[in-house]
Amino acid sequence: GTGIDIWEFIATFKGLGENYSKLKETYHWLSDQQIRFALSYYALYPDETDEKINRNENITQAQINRRFPFLTRPIGNR
């Protein structure tokens with residue numbers, strides 16, 4: 001019910017050097033129970049979560065342009 005996908009949460013955790021205290025500061029509005037749940041989920045499904053993280057990190061600008069054409073404007077219309 002947080003609106004945050006597990007993979008996004010875990011990517012942040014990894015980016016913080018897997019530091020629980022920093023993670024808690026970053027997501028200060030989440031309860032300990034919510035944070036521990038996300039970490040437990042990752043412990044159970046690391047391959048699935050890591051695959052989603054890798055897919056997001058490797059997205060190209062061309063893929064973004066194709067999927068979300070409204071985010072870019074044609075070069076001739078500046």
Side-chain angles (χ1 to χ4, degrees):
T2 65
I4 304 166
D5 285 340
I6 295 287
W7 71 266
E8 293 172 298
F9 185 84
I10 297 302
T12 300
F13 183 55
K14 290 180 172 196
L16 295 171
E18 299 188 11
N19 183 308
Y20 185 82
S21 296
K22 288 182 182 178
L23 183 68
K24 223 171 127 70
E25 287 176 28
T26 301
Y27 292 102
H28 56 87
W29 65 92
L30 299 180
S31 68
D32 277 332
Q33 183 179 14
Q34 289 171 308
I35 292 171
R36 292 185 186 282
F37 173 81
L39 295 174
S40 295
Y41 183 93
Y42 180 60
L44 292 171
Y45 304 102
D47 294 338
E48 171 189 313
T49 307
D50 287 339
E51 191 267 320
K52 288 180 181 181
I53 292 169
N54 289 333
R55 194 171 356 145
N56 185 67
E57 288 176 347
N58 293 319
I59 194 165
T60 65
Q61 187 63 48
Q63 290 169 317
I64 293 170
N65 292 346
R66 274 194 307 276
R67 186 160 180 199
F68 307 104
F70 52 86
L71 294 177
T72 60
R73 63 181 166 178
I75 294 173
N77 294 343
R78 291 186 183 225

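What you see below is based on every heavy atom in this structure, not just the backbone, and it leaves out hydrogens, waters and symmetry mates.
- Pairs of residues two or more places apart, or lying in two chains, that qualify as salt bridge (Lys or Arg N to Asp or Glu O under 4.0 Å) and include a residue from residues 16-28 are Lys24-Asp32.
- Atom CD1 of Ile6 and atom CG of Leu39 lie 8.5 Å apart (nearest 0.5 Å).
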For the pair Tyr41 and Ile10, evaluate side chain to side chain contact (heavy atoms under 4.5 Å, CB included) and give the outcome as yes or no after the intermediate values. CA-CA 10 Å; Tyr41 183 93; Ile10 297 302; over 6 Å; no

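- For Gln63, the side chain to side chain contact (heavy atoms under 4.5 Å, CB included) partners at least two apart in sequence or on another chain are Ile59, Thr60, Arg66.
- Residues Trp7 and Thr49 share a closest heavy-atom pair of CA-CG2, 3.8 Å.
- Partners of Thr12 by side chain to side chain contact (heavy atoms under 4.5 Å, CB included), not counting sequence neighbours, listed by chain and number: Leu16, Leu23, Thr26, Tyr27.
- Residues forming a side chain to side chain donor-acceptor pair (under 3.5 Å) with Glu8 (at least two apart in sequence, or on another chain): none.
- For Arg67, the side chain to side chain contact (heavy atoms under 4.5 Å, CB included) test picks out no residue, with sequence neighbours left out.
- Atoms CG and OH, from Asp50 and Tyr45 in turn, are 15.0 Å apart once rounded to the nearest 0.5 Å.
- Considering only heavy atoms from C-beta on, Gln34 stays 4.5 Å or farther from Phe9 through its side chain.
- Glu51 meets the side chain to side chain contact (heavy atoms under 4.5 Å, CB included) test with Arg55; sequence neighbours excluded.
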